[in-house]
Structures are given as structure tokens and as C-alpha cells.
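Residue numbers run from 1 in the order of the sequence given. For clarity, every value in this text was computed on a predicted model and none was experimentally measured. Counting starts at 1 for both ligands and their atoms, following the listed order.
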Amino acid sequence: MILRFLCKYKFNFKVGYLYEVYRFPFCCLKISISTKQIVMKGRIYVSKIIIENTPSLKGYIRVDGAKNAALPILAASLLAHGASILEDTPKLKDVESMCELLQWLGPDIRILENNTVQINSSRIRKYAAPYELASKMRASFLVMGPLLARRGRTRISLPGGCAIGTRPIDLHLKGFAAMGAKITQGHGYVEAKARKLKGAKIYLDFPSVGATENILMAACLAEGQTIIENAAVEPEIVDLANYLVNMGANIKGAGTDTVKVVGVKELKGCTHTIIPDRIEAGTFMVATAITKGMVKIENVVTDHLKPITAKMREIGIDIEEQDTSIIVNAQDRFKPVDIKTLPFPGFPTDMQAQFMALMSIVDGTSIITETIFENRFMHVSELKRMGANIKIEGRTAVIEGVKKITGAQVKATDLRAGAALVLAGLTAEGETEISEAKHIDRGYYEFEKKLISLGAKIKRIEDDED
Ligand code: EPZ
């Protein structure tokens with residue numbers, strides 16, 4: 001009865017954004033309550049976003065801490081004896097999932113005010129990450145390196161693939177094996193054991209972000225020196241390394257393709273502020289451009305935005321860089337451009353869908369080549385439902401700009417595709433309805449609220465699925 005009332009009025013729980021599981025003995029109904037929706041056995045509430053054609057966005061927004069820095073840093077906190085204070089930790093579904101997994105493993109996590117998370121990993125009770133927790137998000141696999149280094153063994157559900165690709169983990173496992181871990185796989189799990197990891201020289205066939213992070217974390221407590229060659233150089237790697245060094249790790253070369261780590265006996269908790277989210281910033285840059293608006297985007301690291309800013313300027317959009325903010329002014333005519341996604345400092349794959357939405361309405365032919373993931377064009381069919389003229393040839397999309405696109409019912413297939421459809425809805429004629437909007441919550445906190453503060457006509461509907 002109580003639950004029906006709560007469900008009916010979609011009572012928003014302010015239990016912090018941590019995932020709490022309550023059991024009601026009288027009806028043995030297991031209910032999971034999060035800040036966004038109530039999921040009861042047999043009935044699922046779905047999120048839709050409705051967008052009306054929006055005039056030029058104007059005003060300013062503040063970017064949150066980076067999802068792709070917060071996730072590895074939360075995993076890395078497992079390495080420390082004692083508490084870490086992580087400031088500017090974004091309130092995202094993926095961060096919630098990672099906190100839930102860490103709580104399962106043993107650490108004590110507290111959500112403090114102002115997006116600060118305190119995590120104390122003095123006690124790690126478990127070394128296994130179960131399917132129902134680890135399968136929620138690929139980044140759960142990042143606990144493997146810290147658990148192997150701290151506990152000497154770990155058993156993790158294999159991360160599934162996702163909409164954008166198979167997402168293999170062979171490079172992660174190659175690194176752990178080189179450091180002396182015994183790896184076995186079976187029944188959907190991978191197990192790794194090593195009494196004590198030994199430093200090794202590891203060459204990554206591809207500069208994988210996740211593999212660089214996992215191996216880097218494991219190497220911090222290994223015996224001797226580890227050299228990671230052809231390492232990823234993304235800003236999130238540097239932020240992780242800075243956190244590890246603040247905990248007492250001995251790391252040189254993070255942010256270059258050769259990272260040297262000399263293992264230490266123990267790491268201690270510390271206070272760290274997560275870097276701003278360059279992809280959230282880039283998404284709002286495109287939102288400003290697609291509505292020919294003028295917006296100041298605050299809390300950015302301009303160096304992290306270089307590939308995005310350069311491409312914007314090539315299109316003809318005026319970008320003014322200040323210390324910790326940028327001003328986007330998109331009044332002029334745009335020019336079509338070619339984009340090829342590459343590892344940092346190349347153009348980020350996580351901005352590909354958003355730029356495709358923009359190029360859909362730029363007169364002329366634009367070519368976008370996706371070199372990182374094998375299936376990251378799921379948004380194309382949805383944009384075409386809105387009238388975009390896009391042809392896919394293998395890993396390349398050829399976009400013929402149209403005068404206007406029109407609102408339609410479309411579906412978010414992954415978080416960046418979902419964000420791209422929101423941007424398309426801002427400029428489309430009429431109303432756009434985006435289903436599966438929960439994907440967006442994985443990478444953007446209060447996305448609609450921030451857009452509304454800039455003048456967007458957008459709202460979210462939580463509906464029960466009959
Ligand atoms: C990270 O994913 C990001 N996620 C992704 O962001 C981002 O798109 C990606 O890096 C590339 O920049 C997080 O940081 C949580 P990879 P990750 O390992 O680590 C191949 C978003 O939207 N590969 O660099 O999984 C793989 O198949 C998300 O925020 C192997 O072959 O990316 C892919 O083709 C999406 N073997 C390429 O490398 C491996 O062992 C890039 O993967 C690992 C990866």
C-alpha cells in the first residue's frame with residue numbers, strides 16, 4: 001500500500017545518490033530505491049525526454065567532475081589503507097553503480113555534501129565482484145587490478161559488450177599475466193591469482209584507456225618496476241596517476257605513451273578533486289552551436305578540450321578560451337568538416353555522436369570516421385528518423401547537411417547517442433520524444449535542468465511500462 005502510494009506519486013527519494021536495498025519482511029518484496037526511479041518486481045518505470053524546438057541557448061553552466069576519471073579513481077581507492085575524500089565526484093548512475101560494487105567488496109562509503117565522497121578501504125571483505133553488480137557497467141572491471149594487488153586474487157564477472165562494441169579485455173589480462181598473475185576464465189567469470197605481483201615490461205597493442213588504468217593500479221603495489229608502453233594518454237589517466245601519487249605511489253610518465261611505476265609497500269588515503277568532464281563540456285559546446293546560441297561553460301580545463309575546440313573553430317564557431325571556462329558564440333554560417341575519432345589528443349570518440357547531430361544540419365558534405373569502436377553508429381538510424389541524410393559505409397558515415405530536421409519518436413541506445421538525440425531535438429522542427437532516456441543519466445547529471453537554465457524547452461516524463 002505504502003509502496004503503491006510512493007510509486008503513484010513517484011516520490012523522489014533523497015537518500016543521497018547511493019543505491020540502497022531495503023527488504024520489507026512483511027511482504028518479502030525486495031525493492032531497490034534510487035533517486036531517479038522506483039523499480040518494483042514486475043513493473044518498470046521508464047524515462048522519456050520530450051524536447052521542443054528551442055531558440056538560441058544563452059547563459060552559463062558549470063561542468064561536473066569527469067565520469068571517466070571518477071570511475072577509475074573510485075576503483076583505485078581500494079588500494080589504500082585508510083580513507084580518501086574525493087571532491088567533485090559526479091552524481092551519475094555509473095558512479096552510483098561503482099559505489100554499490102565497492103560497498104559490496106567491503107569499503108565504507110559516505111556521501112558528503114557538495115558532490116564529495118568519502119571512501120575507507122581499510123577492510124576489504126570480498127575479492128569477487130558478482131554478475132548482478134559487475135554487469136551493470138563495463139567500468140566495474142577496473143576493480144580487478146586493485147583487488148589483485150591488494151588481496152592477491154580476484155574473481156570478476158566478465159563485462160558484457162554494449163551497444164557500441166564487444167569491448168574485449170584481452171589487454172587488461174595480458175598485463176596482469178605479465179606481472180605473474182594466473183588467469184582462468186569460465187562460467188562468465190575471470191579469475192586472477194598472484195601471491196605477489198612482479199613488475200614487468202608491458203606493451204599495449206592498442207593504447208587502451210581501461211587497460212592502462214587497470215595495469216597502472218596493479219603495478220603500484222607490485223614488487224619492482226613496471227613499464228607500460230603504448231599507454232593511453234587521456235587526461236583521465238593523468239588524473240588517476242595524480243591521485244595514486246598523492247596516495248604514495250611512485251609513478252613517472254603518466255600522460256605520455258610510456259609510464260614507469262615502481263611498486264611500494266602500502267598506499268594511504270588522501271583528498272583529491274576529480275578533473276572536470278571534458279565530454280560534458282563538449283556536449284554543451286555542441287548544444288550551443290546547434291541552436292546558434294552563446295553560452296559560457298565554466299569549470300573546464302581548456303587543454304583537455306583542444307581537439308573539440310579546434311574542430312568547432314574549423315566549422316566556423318567562435319570559441320573564446322579563458323582560465324577555467326570557455327565562451328561559445330555560434331552566430332555565423334557553419335562549414336561542413338571531416339572528423340576521424342582517435343585516442344587523445346585526437347578527436348574523442350565520445351563526442352562523435354554529438355557532432356554528427358550538428359553536421360546533420362550543416363549545408364554540404366561532412367565525413368565522420370569512427371576508428372575506436374566497431375559499432376558506434378547506433379544513433380544514425382535515429383537521426384535519420386528525424387530527417388537527417390546520412391549514409392554509413394563501414395566505419396565511415398557520410399552526412400549530407402539538410403536545411404532542417406523534424407521532431408520524431410526516437411530511442412537512446414547508449415549515453416552519448418542519447419545526448420546527441422537531445423541536441424538534435426533542440427534544433428528539430430516540432431516535438432522530439434526520446435525513450436530509454438535512462439542511458440543519458442549514466443553520463444550526465446541533471447542534463448535537462450542544465451539545458452532548461454539555458455532556455456531549452458525540455459522535460460522528462462517518468463512513465464510506468466504496462
Ligand atoms: C574508456 O572506455 C571510456 N570509458 C569510454 O567512454 C571511451 O569511449 C573509451 O575509453 C575510449 O576513449 C571509461 O573511461 C569508463 P578502451 P574503455 O579500452 O577503457 C579495444 C563514455 O561514453 N580494446 O580505450 O573501455 C576496444 O575494443 C565511454 O563515456 C581491446 O581490444 O576504452 C576498443 O576498440 C564509452 N582490448 C578500443 O580498444 C582491451 O583489452 C578502445 O577501448 C581493451 C580495449
Side-chain angles (χ1 to χ4, degrees), residues 64-76 90 92-95 97-98 101 134 136-145 156 158-178 183 185 190 202-217 228 230-240 257 274-275 277-283 304 307-308 341-354 369-376 378-379 395 412-420 439-445 447:
D64 288 324
K67 165 177 86 80
N68 292 346
L71 294 173
I73 285 171
L74 281 163
L92 299 168
K93 286 298 285 175
D94 275 8
V95 169
S97 302
M98 180 62 87
L101 172 57
K136 287 189 166 186
M137 167 190 65
R138 172 180 165 73
S140 309
F141 203 67
L142 291 173
V143 301
M144 185 165 191
I156 303 212
L158 284 166
C162 63
I164 62 177
T166 52
R167 314 294 296 272
I169 53 164
D170 56 309
L171 299 177
H172 300 239
L173 302 182
K174 172 181 168 184
F176 297 141
I183 312 271
Q185 292 193 46
V190 60
I202 298 157
Y203 185 88
L204 294 180
D205 303 346
F206 179 87
S208 155
V209 171
T212 303
E213 291 166 343
N214 234 336
I215 297 165
L216 175 64
M217 292 186 279
I228 308 171
N230 197 28
V233 301
E234 272 69 6
E236 293 75 23
I237 306 269
V238 177
D239 201 30
L240 170 63
D257 63 3
I274 308 281
I275 55 169
D277 194 319
R278 60 193 168 103
I279 306 300
E280 184 188 16
T283 303
H304 296 170
I308 301 169
T341 65
L342 287 167
F344 193 85
F347 186 90
T349 174
D350 295 345
M351 284 300 304
Q352 181 256 106
Q354 300 91 314
T369 306
E370 172 57 61
T371 72
I372 305 294
F373 291 108
E374 70 268 26
N375 190 33
R376 202 168 200 173
M378 306 279 278
H379 44 282
R395 288 216 176 186
T413 50
D414 65 87
L415 73 156
R416 306 305 175 187
H439 285 290
I440 299 172
D441 302 336
R442 293 188 50 202
Y444 298 90
Y445 179 64
F447 193 39

Where is the nearest protein heavy atom to [atom]: which residue, which atom, and how far?
{"atom": "atom 12 (O) of ligand 1", "value": "V209 CG2, 3.9 Å"}
{"atom": "atom 36 (N) of ligand 1", "value": "D170 OD1, 2.7 Å"}
{"atom": "atom 25 (O) of ligand 1", "value": "R138 NE, 2.7 Å"}

[X] neighbourhood, listing ligand 1 atoms whose heavy-atom distance to it stays under 4.0 Å:
{"X": "K67", "answer": "21 (C), 29 (O)"}
{"X": "G210", "answer": "18 (O), 19 (O)"}
{"X": "L415", "answer": "22 (O)"}
{"X": "R167", "answer": "2 (O), 17 (P), 25 (O)"}
{"X": "F206", "answer": "37 (C), 38 (O), 41 (C)"}
{"X": "R376", "answer": "8 (O), 22 (O), 35 (C)"}
{"X": "H172", "answer": "40 (O)"}
{"X": "L171", "answer": "36 (N), 39 (C), 40 (O)"}

- line: One should read off an interatomic distance between I279 CD1 and H304 NE2, to the nearest 0.5 angstrom, of 11.5 Å
- request: Find the distance between CZ (F373) and OG1 (T349) and round it off to the nearest 0.5 Å.
  value: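 Interatomic distance, F373 CZ to T349 OG1, rounded to 0.5 Å: 5.5 Å.
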- request: Would you mind telling me if ligand 1 is within reach of the side chain of D350, the backbone, both or neither, using heavy atoms under 4.0 Å?
  value: side chain
statement: At under 4.0 Å between heavy atoms, what of P168 touches ligand 1? The answer is both
field: Closest to atom 14 (O) of ligand 1 among N68, I169, D205 (heavy-atom distance)
entry: N68
- request: Could you pull out, from L342, T212, I372, the option with a heavy atom nearest to atom 41 (C) of ligand 1?
  value: I372
query: Going by an N to O cut-off under 4.0 Å, is there a salt bridge joining D94 and R138?
result: no
message: Give me the atom names and distance for the closest heavy-atom approach of L92 to G443.
response: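 So the minimum-distance heavy-atom pair works out to CD2-C, 3.5 Å.
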message: If you apply the rule salt bridge (charged side-chain N to carboxylate O under 4.0 Å, His left out), what do you find for K67 with E280, and how did you get there?
response: CA-CA 9 Å; K67 165 177 86 80; E280 184 188 16; over 6 Å; no
task: Let me know which of T413, T341, D350 forms a side chain to side chain donor-acceptor pair (under 3.5 Å) with R376.
output: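 One option only clears the test, and that one is D350.
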